[in-house]
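Values in this document were obtained by computation on a predicted structure and should not be read as measured data.
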Amino acid sequence: MEEFVPYLLIIIGWHPDHPGEFSFHRAPIAYADTDACEADGREYVAQRDIYRTEFGGMQFAYKCIRSASGDEYQQALRDLDKSKADPK
């Protein structure tokens, strides 16, 4: 069986007058492939470029990242269980 690992759309926002200050937002859905994720990311950024005044001059970018695989997820759960069992 082939493992399915979805992609997450991350939106980054910043204002040119406030260097070093960023906001990060994850889209509320996961994507089956990078094409759909990239398309939504481009649309999100394009809409905010068109209405930049309404967004207070904020600028936006996006990144599509691969979510954790099943093995990575299971390892994270094991690590969490271990840290709860062995408090430092």
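- A side-chain contact (heavy atoms from CB on, under 4.5 Å) with Y62 is found for exactly one of I10, L9, D40, namely L9.
- At a threshold of 4.5 Å between non-hydrogen side-chain atoms, the residues Y7 and I65 do not count as touching.
- Taking the ring axis of Y44 as reference, the NZ or CZ atom of R42 does not stay both within 45° of it and closer than 6.0 Å to the ring centre.
- H15 places a side-chain N or O within donor-acceptor distance of the main-chain N or O of G56, the cut-off being under 3.5 Å.
- Here the side chains of E43 and R48 are not in contact, with every heavy-atom distance at 4.5 Å or above.
- Between F55 and T53 the shortest side-chain heavy-atom distance does not fall below 4.5 Å.
- Of all heavy-atom pairs spanning L8 and A30, the tightest one is CD2-CB, 4.1 Å.
- Taking all atoms of both residues into account, the shortest heavy-atom contact from S23 to M58 is OG-CE, 4.4 Å.
- The 12-atom threshold is exceeded at CZ of F4, counting heavy atoms of other residues, nucleotides or ligands nearer than 6.0 Å.
- Nearest heavy-atom pair, P16 versus G57, reported as atom, atom and distance to 0.1 Å: CD-O, 3.6 Å.
- The CD1 atom of I11 lies 8.5 Å from the CZ atom of F60; values are rounded to the nearest 0.5 Å.
- Between D81 and R78, no side-chain nitrogen of the basic residue sits less than 4.0 Å from a carboxylate oxygen of the acidic one, so the salt-bridge criterion is not met.
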